[in-house]
**Student:** 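This is the structure I want to talk about, given as structure tokens.
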Amino acid sequence: MPLDRKYFQEMEDKIPKGKIRTRFAPSPTGYMHVGNLRTALYTWLIARHGGGTFILRIEDTDQTRQVEGAAEVIYRTLAECGLNHDEGPDVGGPVAPYIQTQRRDTYGRYARLLVELGHAYCCFCEKTESEEDSGDFDRADDPCRALTPEQAQARVDAGEPYVIRQRIPHTGSTTFHDAIFGDITVDNDTLDDQVLIKRDGLPTYNFANVIDDHLMGITHVVRGSEYLSSAPKYDLLYQAFGWEVPTYVHCSPVMRDAQNKMSKRHGDPSYEDLREQGYLTQAILNYVALLGWSPRGERSEQEVFSLDELVEAFDLNGVSRSPAIFDMEKLTHFNALYLRAMTPEEFAREAEPYIRRAVKNPGLDTARIAALLQARCERLTDIPEKVDFFDALPDYDPELFTNKKSKTNREVSQMMLQAAIPLLEALPAWTEAEIHDGLIGLAEKLGVKNAVLMWPVRIAAAGKAVTPGGAVEICHILGREETLRRLRLGLEKLS
């Protein structure tokens, strides 16, 4: 019995038209890897640059790969990155639902329409998933392809399990256009009759994304270049339905090195991993944007971009065909630039939780400590080991007091501390200015260069050769009582 075409016309009538519509369609598999984040960013930028609509769609038809809580990771990452979506599972929209398993009936109807149109058929053969995935199964015609509609329907009615396969033409070729790679032509006899609907009634990714992209009015489809080989089959589906093909944007992969793609299995970081490693969201986004894209025109030399600037500058002509190599050192460079560019108040807010990992004493001012760090920090996770001495003086070797550049040794340092302790005890107020002027005046009185006095005071106060900030700042933050206690301990070590 022929399908009622009224349903399909009603679906067509719902499709929004007239402006750019893009979609980010992740699978809820547990984390947002860097390639996924780049796809989301480019998709969002195309929509925003063109004044269009950005859609979030959850592609969950592969139930075996789902991870509990993964959808929340997707929502949280997009929100943190400022990649706000106009339509999606959590905000609704004119072509809801936006979760594929909730659209199951839709795919079944369109698959049956395709069978009726002669571009698909019911297949009752036993093929394992591994055979399907490998593409190594016999390329001879599937025997079910020759069944008449009546024969196939009789077997369906008898309860025989089946899949629905795309009927690929035996002859000719298919040419599709990609915004990055141009026109690509593939001989049809190299394509297999891919599964569209699985035995459980759920669609394959390759079928569901075509149906959803059309019914949601998607104008630009951004995905990885690994899907180039599937694009001819997508085109044949669009042609079979008589639909307009969207603009394909296939992005080359993000690589760990010249040979290997980034992979969670190999320990490559996800977005959340990078955040935990002390990288700022803005720096991650800026760097990811430049993985495979470069600005043109007057911005061609620009390296640092705000999200608004990316929206203004983004152009598909700047997307490269070549794979991009993810360089942690380059990301660290970007992160340092962003940390330096913050206001002191912004940096202090970002740094406080990292300072508090090492500095538990509530009496110590984290904002003052942060002020020492901003120009000396590349990643927020560098902070705890830089400032742990504020909380507790480490057990250090008195040889630290010897420094050629500062012209100090143990004897000189002992004399300096003996002079500094009573001076610091007698200061009228414990301010940076008083500490600074007092120690500078003492060095002058002793007839030594400033470094000869400052080195031993800093070593005694911090117990470390390398510290953020000098003797004056460290003493000020520690407070008079703790500073004097530490300087006396230093004197004991030298004695």
**Student:** When rounded to the nearest 0.5 angstrom, what distance separates CG in Asp193 from CZ in Arg145?
**Tutor:** 4.5 Å
**Student:** Can you name the nearest heavy-atom pair linking Ile197 to Ala111, along with the distance?
**Tutor:**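 Here Ile197 and Ala111 meet closest at CG1-CB, 3.4 Å.
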**Student:** Measuring only between side-chain heavy atoms, which start at C-beta, is Leu373 closer than 4.5 Å to Phe347?
**Tutor:**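 The answer is yes, as the side chains (C-beta and beyond) meet within the 4.5 Å cut-off.
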**Student:** Can you see whether Thr106 engages Arg104 through a side-chain donor-acceptor pair at a distance of less than 3.5 angstrom?
**Tutor:**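 Looking only at side-chain atoms, Arg104 and Thr106 do not form any donor-acceptor pair under 3.5 Å.
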**Student:** Might you work through the salt bridge (charged side-chain N to carboxylate O under 4.0 Å, His left out) test for Arg21 and Glu87, ending with a clear yes or no?
**Tutor:** CA-CA 10 Å; Arg21 288 174 64 83; Glu87 299 173 25; 2.9 Å; yes
**Student:** Using ring-ring contact (aromatic ring centres under 6.0 Å, His included) as the criterion, list what pairs up with Phe207, not counting sequence neighbours.
**Tutor:** none
**Student:** Which pair of heavy atoms, one from Pro203 and one from Ala208, lies closest together, and at what distance?
**Tutor:** CG-CB, 3.7 Å
**Student:** Within the distance-only criterion (no hydrogens, no angle test), does the side chain of Asp178 pair as donor or acceptor with the backbone N or O of Phe181 below 3.5 angstrom?
**Tutor:** yes
**Student:** Do you know the tightest heavy-atom contact between Thr381 and Arg357?
**Tutor:** CG2-NH1, 4.3 Å
**Student:** Supply the atom-to-atom distance Asp189 CG to Asp192 CG, rounded to the nearest 0.5 angstrom.
**Tutor:**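 Here the interatomic distance stands at 12.0 Å.
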**Student:** I need the Ile180 CD1 to Ser322 OG distance, nearest 0.5 Å.
**Tutor:** 11.5 Å
**Student:** With a distance cut-off below 6.0 Å to the six-membered ring centre and an angular limit of 45° from the axis, does Arg155 pair with Phe124 as a cation-pi contact?
**Tutor:**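 Yes.
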**Student:** What distance separates Ile15 CD1 from Ile218 CD1, expressed to the nearest 0.5 Å?
**Tutor:**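 Reported to 0.5 Å precision, the distance equals 10.5 Å.
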**Student:** side-chain hydrogen bond (donor to acceptor under 3.5 Å, both in side chains) for His214 and Glu12? Distances and angles first, verdict last.
**Tutor:** CA-CA 9 Å; His214 175 70; Glu12 289 293 312; 2.7 Å; yes
**Student:** Give, for atom CZ of Arg379 and atom CG of Asn335, the distance between the pair rounded to the nearest 0.5 Å.
**Tutor:**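 Interatomic distance, Arg379 CZ to Asn335 CG, rounded to 0.5 Å: 8.5 Å.
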**Student:** Do the side chains of Arg296 and Ser294 get nearer than 4.5 Å, heavy atoms only?
**Tutor:**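 Ser294 reaches Arg296 side chain to side chain.
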**Student:** Between Val221 and Thr247, is there a side-chain heavy-atom distance shorter than 4.5 Å?
**Tutor:**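 A side-chain contact under 4.5 Å is absent here.
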**Student:** Please check this pair: side chain of Tyr98 against backbone of Val95, looking for a donor-acceptor N/O pair closer than 3.5 Å.
**Tutor:** yes
**Student:** Tell me if the aromatic rings of Phe326 and Tyr287 count as close, with their centers under 6.0 Å from one another.
**Tutor:**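 Yes.
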**Student:** Report yes if some heavy atom in the side chain of Lys198 is under 4.5 Å from a heavy atom in the side chain of Thr204; otherwise report no.
**Tutor:**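 Sidechains of Thr204 and Lys198: in contact.
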**Student:** Where the side chain of Gln374 meets the backbone of Leu339, is there a donor-acceptor pair that is under 3.5 Å apart?
**Tutor:** yes
**Student:** Can you tell me which residue pairs pass the salt bridge (charged side-chain N to carboxylate O under 4.0 Å, His left out) test with a partner in residues 335-355, sequence neighbours excluded?
**Tutor:**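 Those involving residues 335-355 do not exist here.
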**Student:** Over 60° means perpendicular and under 30° means parallel, so classify the ring planes of Phe176 and Tyr248, tilted if in between.
**Tutor:** perpendicular
**Student:** Is the shortest heavy-atom distance from the side chain of Ile211 to the side chain of Leu237 under 4.5 Å?
**Tutor:**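 They are not in side-chain contact.
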**Student:** What are the two closest non-hydrogen atoms of Phe389 and Pro468, and how far apart are they?
**Tutor:**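 Result for this residue pair: CE2-CD, 4.0 Å.
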**Student:** Indicate yes or no for a side-chain donor-acceptor contact from Asp60 to the backbone of Thr101 under 3.5 Å, with no hydrogens or angles considered.
**Tutor:** yes
**Student:** Ignoring hydrogens and geometry beyond distance, is a side-chain donor-acceptor pair present between Asn188 and Thr174 at under 3.5 Å?
**Tutor:** yes
**Student:** For the residue pair Arg275 / Thr281, report whether a side-chain donor-acceptor contact shorter than 3.5 Å exists.
**Tutor:** yes
**Student:** Indicate whether any N or O donor in one side chain lies under 3.5 Å from an N or O acceptor in the other, for Tyr271 and Glu80.
**Tutor:** yes
**Student:** Do Lys464 and Lys386 touch side chain to side chain, with heavy atoms closer than 4.5 Å?
**Tutor:** no
**Student:** Side-chain contact, heavy-atom cut-off 4.5 Å: Met262 with His33?
**Tutor:**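 No. Closest side-chain heavy atoms not under 4.5 Å.
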**Student:** Answer whether the closest heavy-atom distance between the side chains of Ile58 and Ile74 falls below 4.5 Å.
**Tutor:**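 Contact flag for Ile58/Ile74 side chains = yes.
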**Student:** Quick one: does Asp382's side chain have a donor or acceptor within less than 3.5 Å of a partner on Cys377's backbone?
**Tutor:** no
**Student:** Parallel, tilted or perpendicular, judged at 30° and 60°: which one describes the rings of Tyr205 and Tyr227?
**Tutor:** tilted
**Student:** Can you give the donor-acceptor pairs under 3.5 Å from side chains of residues 252-260 to other protein atoms, not counting sequence neighbours?
**Tutor:**
{"residue": "Ser252", "atom": "OG", "partner": "Arg321", "partner atom": "O", "Å": "2.3"}
{"residue": "Arg256", "atom": "NE", "partner": "Asp268", "partner atom": "OD1", "Å": "3.3"}
{"residue": "Arg256", "atom": "NE", "partner": "Asp268", "partner atom": "OD2", "Å": "3.0"}
{"residue": "Arg256", "atom": "NH2", "partner": "His266", "partner atom": "ND1", "Å": "3.0"}
{"residue": "Asp257", "atom": "OD1", "partner": "Gln259", "partner atom": "N", "Å": "2.9"}
{"residue": "Asp257", "atom": "OD1", "partner": "Asn260", "partner atom": "N", "Å": "2.8"}
{"residue": "Asp257", "atom": "OD1", "partner": "Asn260", "partner atom": "ND2", "Å": "3.1"}
{"residue": "Asp257", "atom": "OD2", "partner": "Asn260", "partner atom": "ND2", "Å": "3.3"}

**Student:** Could you go step by step and tell me if Tyr121 and Ile164 meet the side chain to side chain contact (heavy atoms under 4.5 Å, CB included) rule?
**Tutor:** CA-CA 6 Å; Tyr121 61 94; Ile164 296 179; over 6 Å; no
**Student:** Should the heavy atoms of other residues, nucleotides or ligands under 6.0 Å from NZ of Lys17 be counted, would the total exceed 12?
**Tutor:**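 Count over threshold, so yes.
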**Student:** Without swapping roles, check the side chain of Glu116 against the backbone of Leu3 for a donor-acceptor pair under 3.5 Å.
**Tutor:**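 Looks like yes, one N/O pair under 3.5 Å.
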**Student:** Compute whether any side-chain donor of one residue and acceptor of the other, for Tyr238 and Glu244, lie under 3.5 angstrom apart.
**Tutor:** no
**Student:** List the atom of Arg23, the atom of Val222, and the distance in Å for their closest heavy-atom pair.
**Tutor:**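 Looking at all heavy atoms of both residues, the shortest contact is NH1-O, 4.0 Å.
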**Student:** Show the nearest heavy-atom pair for residues Pro269 and Val34, with the distance to one decimal.
**Tutor:** O-CG2, 3.6 Å
**Student:** Establish, from distance only, whether the side-chain atoms of Asn286 and Gln282 form a donor-acceptor pair under 3.5 Å.
**Tutor:** no
**Student:** When you check the side-chain N and O atoms of Gln239 and His119, is any donor under 3.5 Å from an acceptor?
**Tutor:** no
**Student:** What distance do Leu307 atom CG and Cys81 atom SG have between them, rounded to the nearest 0.5 Å?
**Tutor:** 8.5 Å
**Student:** Mark yes when over 12 heavy atoms from residues, nucleotides or ligands other than Glu329 sit less than 6.0 Å from its CD; otherwise mark no.
**Tutor:** no
**Student:** Please confirm whether the backbone N or O of Val359 pairs with a side-chain atom of Arg356, one donor and one acceptor, at under 3.5 Å?
**Tutor:**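 Answer holds: yes.
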**Student:** Hey, can you tell me if His85 and Phe54 have their rings parallel, tilted or perpendicular (30° and 60° cut-offs)?
**Tutor:**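 Because their plane-to-plane angle is over 60°, the rings of His85 and Phe54 count as perpendicular.
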**Student:** Under 3.5 Å, is there a donor-acceptor pair between the side chain of Asn361 and the main chain of Asp391?
**Tutor:** no
**Student:** Quick one, Glu272 with Arg76, criterion salt bridge (charged side-chain N to carboxylate O under 4.0 Å, His left out). Give me CA distance, side-chain angles, the key distance, then yes/no.
**Tutor:** CA-CA 10 Å; Glu272 291 200 317; Arg76 186 168 63 246; 2.6 Å; yes
**Student:** Is it true that the side chains of Ser270 and Asp273 contain a donor and an acceptor less than 3.5 Å apart?
**Tutor:** yes
**Student:** Do Tyr234 and Asn206 get their side chains close enough for a donor-acceptor pair, meaning under 3.5 Å?
**Tutor:** yes
**Student:** Ring pair (Phe, Tyr, Trp, His ring centres under 6.0 Å) for Trp293 and Phe314? Distances and angles first, verdict last.
**Tutor:** CA-CA 8 Å; Trp293 171 80; Phe314 192 79; 5.3 Å; yes
**Student:** Tell me if the CZ atom of Phe8 is crowded by more than 12 foreign heavy atoms within 6.0 Å.
**Tutor:** yes
